[in-house]
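Values in this document were obtained by computation on a predicted structure and should not be read as measured data.
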Amino acid sequence: AMALCLKQVFNKDKTFRPRKKFEPGTQRFELYKKAQASLKSGLDLKAVVQLPPGESINDWIAVHVVDFFNRINLIYGTMSEFCTERSCPIMSGGLKYEYRWQDDSKYKKPTKLSAPQYMCMLMDWIEMLINNEDVFPTRIGVPFPKQFQQVCTKILTRLFRVFVHVYIHHFDSIISMGAEAHVNTCYKHFYYFIREFSLIDHRELEPLVRM
């Protein structure tokens, strides 16, 4: 019943952005399958995030960044009807935290945006990065760029803000849809992953510290 309920909740039409797929036959696809299998086997999430012996850390991080993007994208897509210009005129996590948007093209300075605008900019920005072969190379033997982990830190830090906003401002909607178990599992998995590889500054984690 739970799976059926989640199928209705996490409706493919509601995905905020198209999902990024792993190409079959690539090493990354094999790693992704390995990660998904251990996730489905109900292993402790702290164990699931550990780097498998003999695997490259950058490949492991790349697989998770793409997978978290897909899953958080889906979570926000499901919530997006409750997150409007009217309900969320500022991208925030409660009264204490406000997130401004900055990128290298349109917004050179940190800019106040509504939550839906921020999410839209964020998902577009991540999608552009993970589809850029210079940043996320998919061909075997093509090395990762030197700043790869820094780029991933920035992506994951901003994805964390989606959890902050959804938990603090839209948790009642998550509960009313019966999706809290799914969102909580995704959050825990994400949290253990970023802790395992120290990928986010601990100050960024403060809004959800009581979780």
Side-chain angles (χ1 to χ4, degrees), residues 2-3 6-7 10 12 15-76 122-123 125-164 166 179-202 204-205 208-209 211:
M2 179 72 180
L6 281 178
K7 266 209 182 72
F10 294 101
K12 289 285 175 286
T15 304
F16 203 53
R17 288 287 174 280
R19 295 183 65 131
K20 163 89 174 168
K21 301 239 184 350
F22 295 95
E23 290 304 313
T26 59
Q27 184 187 359
R28 206 127 339 131
F29 181 70
E30 296 308 318
L31 257 188
Y32 173 67
K33 284 201 316 201
K34 195 185 279 187
Q36 290 299 304
S38 52
L39 200 55
K40 285 193 180 91
S41 70
L43 279 175
D44 168 21
L45 286 168
K46 280 183 186 166
V48 164
V49 297
Q50 289 165 10
L51 180 67
E55 296 295 354
S56 123
I57 182 152
N58 281 343
D59 271 316
W60 190 239
I61 291 174
V63 161
H64 283 80
V65 167
V66 172
D67 188 39
F68 287 133
F69 167 68
N70 283 338
R71 291 199 284 153
I72 292 166
N73 197 358
L74 199 53
I75 287 170
Y76 183 71
L122 173 61
M123 299 304 179
W125 174 77
I126 297 175
E127 200 183 4
M128 183 194 70
L129 283 171
I130 61 181
N131 288 318
N132 180 342
E133 282 287 330
D134 295 333
V135 184
F136 276 73
T138 54
R139 293 186 303 283
I140 289 178
V142 177
F144 284 90
K146 281 195 180 65
Q147 75 284 16
F148 179 69
Q149 287 190 20
Q150 283 163 283
V151 172
C152 289
T153 285
K154 204 165 181 184
I155 291 174
L156 293 166
T157 298
R158 288 176 168 184
L159 277 175
F160 183 78
R161 294 169 182 177
V162 180
F163 281 120
V164 173
V166 165
E180 70 270 32
H182 179 85
V183 176
N184 287 343
T185 302
C186 185
Y187 174 69
K188 266 193 222 163
H189 187 198
F190 182 93
Y191 178 80
Y192 288 135
F193 185 79
I194 59 174
R195 291 302 297 258
E196 175 75 11
F197 301 104
S198 306
L199 288 166
I200 294 187
D201 185 318
H202 64 91
E204 283 282 342
L205 304 176
L208 295 182
V209 87
M211 307 265 314

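- Looking at every heavy atom in both residues, Thr153 comes nearest to Thr157 through O-OG1, 2.6 Å.
- Shown here for Cys186 and Ile72, the closest heavy-atom pair between the two residues is SG-CG1, 4.4 Å.
- No donor-acceptor pair under 3.5 Å is formed between the side chain of Asp67 and the backbone N or O of Val63.
- We find the CZ-CG distance between Phe193 and Leu199 to be 6.0 Å, quoted to the nearest 0.5 Å.
- For Lys188, there are no salt bridge (Lys or Arg N to Asp or Glu O under 4.0 Å) partners two or more places apart in sequence or in a different chain.
- The CH2 atom of Trp125 lies 4.5 Å from the CZ atom of Arg158; values are rounded to the nearest 0.5 Å.
- With sequence neighbours excluded, no residue forms a side chain to side chain donor-acceptor pair (under 3.5 Å) with Tyr192.
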Inset, instruction - Verify side chain to side chain contact (heavy atoms under 4.5 Å, CB included) between Gln149 and Phe197, making sure each step is shown before the conclusion. - result: CA-CA 10 Å; Gln149 287 190 20; Phe197 301 104; over 6 Å; no
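- Taking Phe148 as the reference, Phe136, Phe144 meet the ring-ring contact (aromatic ring centres under 6.0 Å, His included) condition, with sequence neighbours excluded.
- Counting heavy atoms from C-beta outward, Asn73 and Glu127 have side chains that stay 4.5 Å or more apart.
- Rounded to the nearest 0.5 angstrom, Arg195 CZ and His202 NE2 are separated by 9.0 Å.
- You'll find the side chain of His189 reaches within 4.5 Å of the side chain of His64, heavy atoms only.
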Inset, instruction - For the pair Leu45 and Tyr191, evaluate side chain to side chain contact (heavy atoms under 4.5 Å, CB included) and give the outcome as yes or no after the intermediate values. - result: CA-CA 10 Å; Leu45 286 168; Tyr191 178 80; over 6 Å; no
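- You'll find the side chain of Phe69 stays beyond 4.5 Å of the side chain of Ile155, heavy atoms only.
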Inset, instruction - Take Val162 and Ile75, measure what side chain to side chain contact (heavy atoms under 4.5 Å, CB included) needs, and give me the verdict at the end. - result: CA-CA 9 Å; Val162 180; Ile75 287 170; 5.9 Å; no
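- When every heavy atom of Ile61 is checked against every heavy atom of Cys152, the shortest pair comes out as CG2-SG, 3.8 Å.
- Here the NZ atom belonging to Lys154 is positioned 13.5 Å from the CG atom belonging to Leu159, to the nearest 0.5 angstrom.
- By the side chain to side chain contact (heavy atoms under 4.5 Å, CB included) test, Val135 pairs with Leu129, Asn132, Val151, sequence neighbours left out.
- Take Arg161 and apply the side chain to side chain donor-acceptor pair (under 3.5 Å) test, not counting sequence neighbours, and it matches Tyr118, Glu204.
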Inset, instruction - Mind running side chain to side chain contact (heavy atoms under 4.5 Å, CB included) on Glu55 and Trp60 for me, showing each step along the way? - result: CA-CA 7 Å; Glu55 296 295 354; Trp60 190 239; 5.5 Å; no
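- Taking the ring-ring contact (aromatic ring centres under 6.0 Å, His included) definition, one finds that Phe190 meets it with Phe68, Phe163, sequence neighbours left out.
- Looking at every heavy atom in both residues, Leu156 comes nearest to Ile200 through O-CD1, 3.4 Å.
- The shortest side-chain heavy-atom distance between Tyr187 and Asn184 does not fall under the 4.5 Å cut-off.
- Smallest separation of non-hydrogen atoms from Pro137 and Pro143: CG-O, 3.5 Å.
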